[in-house]
Amino acid sequence: MALDADWAERWVRRTADAIADAKDELTELDRQIGDGDHGENLDRGFKAVVARLDDAATESGPDERTVGDVLKLVATTLMSTVGGASGPLYGTAYLRAAKVSGRPQIDPPAVVAVLEAALEGVSSRGKATVGEKTMVDAWHAAVEAAEAAANDGGSEVDVLRAAAAAADTAATGTIPLVATKGRASYLGERSAGHEDPGARSTALVLGAAMAAALSGPTPADPSSAA
Amino acid sequence: MALDADWAERWVRRTADAIADAKDELTELDRQIGDGDHGENLDRGFKAVVARLDDAATESGPDERTVGDVLKLVATTLMSTVGGASGPLYGTAYLRAAKVSGRPQIDPPAVVAVLEAALEGVSSRGKATVGEKTMVDAWHAAVEAAEAAANDGGSEVDVLRAAAAAADTAATGTIPLVATKGRASYLGERSAGHEDPGARSTALVLGAAMAAALSGPTPADPSSAA
Amino acid sequence: MKKLLNDPADAVADSLAGFALAHADLVRLSPAPVFVVRAGGAVTGKVGLVSGGGSGHEPLHAGFVGDGMLDAAVPGAVFTSPTPDQILPAIQAADGGAGVLTIVKNYTGDVLNFETAVELAVEEGVEVASVLVNDDVAVEDSLYTAGRRGVAGTLAVEKVAGAAADRGADLAGVAAVAERVIANVRSMGVALAAPRVPHVGRPSFDLADDEIEVGIGIHGEPGRRRVPAADADAVTEMLLTPVADDLALARGERVLLFVNGMGGTPLSELYVVYGRARRLLEERGVTVSRSLVGNYVTSLEMQGASVTVLRLDDELEALWDAPVNTAALRW
Amino acid sequence: MKKLLNDPADAVADSLAGFALAHADLVRLSPAPVFVVRAGGAVTGKVGLVSGGGSGHEPLHAGFVGDGMLDAAVPGAVFTSPTPDQILPAIQAADGGAGVLTIVKNYTGDVLNFETAVELAVEEGVEVASVLVNDDVAVEDSLYTAGRRGVAGTLAVEKVAGAAADRGADLAGVAAVAERVIANVRSMGVALAAPRVPHVGRPSFDLADDEIEVGIGIHGEPGRRRVPAADADAVTEMLLTPVADDLALARGERVLLFVNGMGGTPLSELYVVYGRARRLLEERGVTVSRSLVGNYVTSLEMQGASVTVLRLDDELEALWDAPVNTAALRW
Ligand SMILES: Nc1ncnc2c1ncn2[C@@H]1O[C@H](COP(=O)(O)OP(=O)(O)O)[C@@H](O)[C@H]1O
Ligand SMILES: Nc1ncnc2c1ncn2[C@@H]1O[C@H](COP(=O)(O)OP(=O)(O)O)[C@@H](O)[C@H]1O
Ligand SMILES: [Mg+2]
Ligand SMILES: [Mg+2]
Ligand SMILES: [Mg+2]
Ligand SMILES: [Mg+2]
């Protein structure tokens, strides 16, 4: 099953649901070592993305979108609605990802390229490297695992499953770290012992990507009605 | 045993002790239906009175003071240190009481006159009458009881015991009343069910007067060392 | 109970000492008896304005000493009116030969202590007039109360009377304009959380998480009634409606709308209240031609706000607009 | 959680609407995308000043829009930096042809969002310079942090740069004077109780009754360390000492001393802190020649305060003294 614009839209809608469900958890993580708004920020952003997708869905005509078209819409919407650190970071991630996915369908190596582009976007924008207790840790682990799965000849789903699992582990792995980037760095040693909220939300984003790939289009999905 | 300036000084010192002991209780009563400062106000005032008495006590020479001299010192000190409603009210009470006790010693009818003058001072200054849930209720009851005791030929102690007991009962009697004067009147019906702090402090003042009369001068009393 | 204070007994003195240092260009502090006077002292030929009351309402009153407003302020202990021995020298210090107006908030304690001081000042040869501010519509002015309290409307009285004195009005004239403000200003307040008096160590009243206290004063007194917590629009209506009704505002009139913070509520919330109060006035056909929003007549760190409306005419508007230069109000 | 708000999601919009109505003589509000601009718009030939950041710090920044300070302010959601699509039109609205200086508090979010907006503005042909305010000595500026935060010192940068722009300095000149303030201003803050973000429903951090949080920022972030509660003198010393040390103040120097309230602490307590901080500076042989005390850079209703010191010279003093007419700062 190839990953197309429909998949991208399902991914984004599932992300919005996952973020909404985890809103309080993300905010609580951010309350511990940040300013307690990460869940609220992303929820506001992804709700806006879904609203724009809904608007677009009511337009008629065949779906001629590329994967990149959907990701670009996500990028610009997040940039203009999230604010904070995570707005520009996720915005840049989706923007770079969109640039390498301007095709109707993407295969496993292209999925890896999408994740690599996202990682590159986050790290160049935020100037963080692995181990600084940020979302970079989750994106980085995801890219490595995705590459390995693709090299092993895995399917799109295999690649995304590997990425999601690695991001989840990496998010948990931020717990003992001392933050040296972002708001948590103000706490110094006191930041250790808490999970980084951005790494956790990255794991949710990638989990949604895998689930969207697994589920395929369904008639109940408004995006497939267009 | 006649009541002289020494008695007046013992009265005032005992009042200061009684107020200090009851400070939190008075403040709590005032917190319920006022602004929570009555105990603090009176404690500040009577501590200042005691400080002035201590200063005076270090002066040598025979005690030529009248009862009124001591009460006047109390009046002016309270007026300049208590503030709030109770400062001028108690201040005027002691000032008027001082005016009718400018003698070295006072007998039972003179004790009644002192209490009457105090009541007159409070009511003329505060324009409250009996039943408005103020200290007037306690002073008024004290005067009536004192008169009755004096008419019955009671001693100074008898008169003060009657006054103190009546003030105590009257203070408790303010509980069901709805205040129509002072800060508690702002509460309307909500003021019912709480004892008036000023009526309670009046009962303490009169209790101290009786105790001072009962105890007599003792060598341990600094005022008798002069 | 955590506060940025040293010995609670020194709270007022420490605070005034800092205030006087920070605003040495505007005020001078008399440490004993305690009062604050305009840096240059009395202005010869100008009516002097003196106000005062319990501390805990900062910036009221000391923050309003300066050009175009008060000449002296007399702070008592926290929530306790000052004593005559403080008020008397403040009156004398404010007297530039044209007499002094005392502006007293209507509380038994303030009334009695100012009364005594004024008596003494008159004996000393100072010409004194007094006005009582009683703008709080939460209290019915009847035989069954000590009368309406003076709350945030006091600021308007002090500002307008100060401008009249600056313009050269005589004592009767300044008193008359002050009375005109008093006759046309009304307020009502709400508390979401009680203040904590330094030496008391606990909140002045107990309020559940879903209750608010409507019709509160500025001394941590409980209010007229306790109602379930509501949103800003609903709460604002509870405050604005009795104020506007009591003023009997007619269509076409114009007013000053003053939303005052009680000390512990964020400024951003005061603007939410302001916006709603303004719409409610506009719905009544009343024009808001002047506005003030901020923490001016506070009750320590009480959370809550009050809404004050002053009916304006050309003269009051001009006096409101006249220059003022004090620590807390300046234009 | 009681607040004077309607739907928490509308908190910022409702508050700004009220703010714009109350100060229509000074500012105009763009509702979508949200920003606040000086009533008259950009001043032709004058360098425009734009700042912004998360809401919840009121009166910062919108309260400083007006003559002699900011030309536009961009408020984000509570404690969340604004987005480029708000910042860009604010920059454009502030541009009077002489270029725009953006004054950004050093937080990753603000930096990234302003960076993007500035890029876009430059593409649109606006000349833009930017400065980063990072006055908070509680955070070490090292490889291991996101760098010092921008806190109350931001007010001084905005005031002084605003005066320089008013005087006719060009963009490079205004940026240079802003950098000079940044190089000479340091702050440190303490919290006694945490703020409560509208949509969160509980305090931003948990603090026991006998603990204070030293080295806090203005976003409800926990501070550098938690210490037992202490009196005002001791707490003030914890704030002033690192500030003065970091500035390496020498005897004979003169400074602005700014004691800033976090929103929920009574003004009277701020003056207690001011008095102590001033004595500590004087003990170091430093003269306090300018002072500011009040709630200017807040953190909703957080209880606490910060101490800011700005090293002054003749030029900075003159720019500080220059006239300013904004909702929150006026002289
Ligand atoms: N420089 C950075 N590089 C990468 N990620 C970062 C950086 N700074 C912050 N983050 C991520 O952003 C998350 C916080 O996002 P959010 O709470 O929405 O923004 P803010 O910190 O502005 O409130 C952190 O948990 C972290 O993962
Ligand atoms: N008009 C009045 N006449 C008589 N007593 C009064 C009057 N007003 C108040 N009081 C008394 O004063 C007491 C309050 O004193 P206090 O708390 O010290 O002053 P304040 O009310 O100014 O805080 C009340 O309990 C009441 O007994
Ligand atoms: Mg955050
Ligand atoms: Mg009281
Ligand atoms: Mg009192
Ligand atoms: Mg944030």
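Numbered from 1 within each chain, the chains take letters A, B, ... in sequence-line order.
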Practice problem: Assess whether side chain to side chain contact (heavy atoms under 4.5 Å, CB included) is satisfied between C:V185 and C:V309, documenting all intermediate values. | Solution: CA-CA 6 Å; C:V185 70; C:V309 175; over 6 Å; no

Quiz item: Sub-3.5 Å donor-acceptor pair from the side chain of C:N260 to the main-chain atoms of C:N295, do we have one?
Solution: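 Looks like no, no N/O pair under 3.5 Å.
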
List, with distances to 0.1 Å, the donor-acceptor pairs found between chain C and chain B - the cut-off being under 3.5 Å and no angle criterion applied.
residue : atom : partner : partner atom : Å
C:T80   : OG1  : B:D37   : OD2          : 2.7
C:T80   : OG1  : B:N41   : OD1          : 3.2
C:S81   : O    : B:G84   : N            : 3.3
C:S81   : OG   : B:G84   : N            : 3.0
C:T83   : OG1  : B:S80   : O            : 3.3
C:N113  : ND2  : B:G84   : O            : 2.8
C:E115  : OE1  : B:R125  : NH1          : 3.2
C:T116  : OG1  : B:R125  : NH2          : 2.3
C:A146  : N    : B:S185  : OG           : 2.8
C:H199  : ND1  : B:E40   : OE1          : 3.3
C:R202  : NH1  : B:E28   : OE1          : 3.2
C:P203  : O    : B:R31   : NH1          : 2.3
C:S204  : O    : B:R31   : NH1          : 3.4
C:D206  : OD2  : B:R31   : NH2          : 3.0
C:E213  : OE2  : B:R190  : NH1          : 2.8
C:E213  : OE2  : B:R190  : NH2          : 3.0
C:H219  : ND1  : B:R183  : NH1          : 3.4
C:E221  : OE2  : B:R183  : NH1          : 3.4
C:G223  : O    : B:R190  : NH1          : 2.9
C:R224  : NH1  : B:Y186  : O            : 2.9

Exercise. Sort B:A179 into side chain, backbone, both or neither according to what part of it lies under 4.5 angstrom from a heavy atom of chain C.
Key: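 Only the backbone of B:A179 comes within 4.5 Å of chain C.
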
Quiz item: Is it the backbone or the side chain of B:V82 that comes under 4.5 Å from a heavy atom of chain C, or both, or neither?
Solution: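 The backbone, not the side chain.
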
Kindly give the heavy-atom pair with the smallest separation between [X] and [Y], and that separation in Å.
{"X": "C:V128", "Y": "C:A121", "value": "CG2-CB, 4.1 Å"}
{"X": "C:V235", "Y": "C:A230", "value": "CG2-O, 3.7 Å"}
{"X": "C:P31", "Y": "C:V34", "value": "O-CG2, 3.0 Å"}
{"X": "C:A93", "Y": "C:V37", "value": "CB-CG2, 4.0 Å"}

Exercise. Report the C-alpha separation of C:V50 and C:L70 in whole Å, then their side-chain angles, then the decisive distance to 0.1 Å, and conclude whether the side chain to side chain contact (heavy atoms under 4.5 Å, CB included) test is met.
Key: CA-CA 6 Å; C:V50 176; C:L70 298 181; over 6 Å; no

Quiz item: Under 4.5 Å between any side-chain heavy atoms of B:L53 and B:V74, yes or no?
Solution: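 A side-chain contact under 4.5 Å is absent here.
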
Quiz item: Heavy-atom distance under 4.5 Å to chain B: side chain of C:P84, backbone, both or neither?
Solution: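 Both the backbone and the side chain of C:P84 come within 4.5 Å of chain B.
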
Exercise. Name the region of C:F205, side chain, backbone, both or neither, that has any atom closer than 4.5 Å to a heavy atom of chain B.
Key: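 For C:F205, the backbone is the part near chain B, not the side chain.
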
Self-check item: Choice from C:A77, C:G53, C:G109 maximising heavy atom contacts with chain B below 4.5 Å
Solution: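 Looking at each of C:A77, C:G53, C:G109 in turn, C:G109 comes out on top.
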
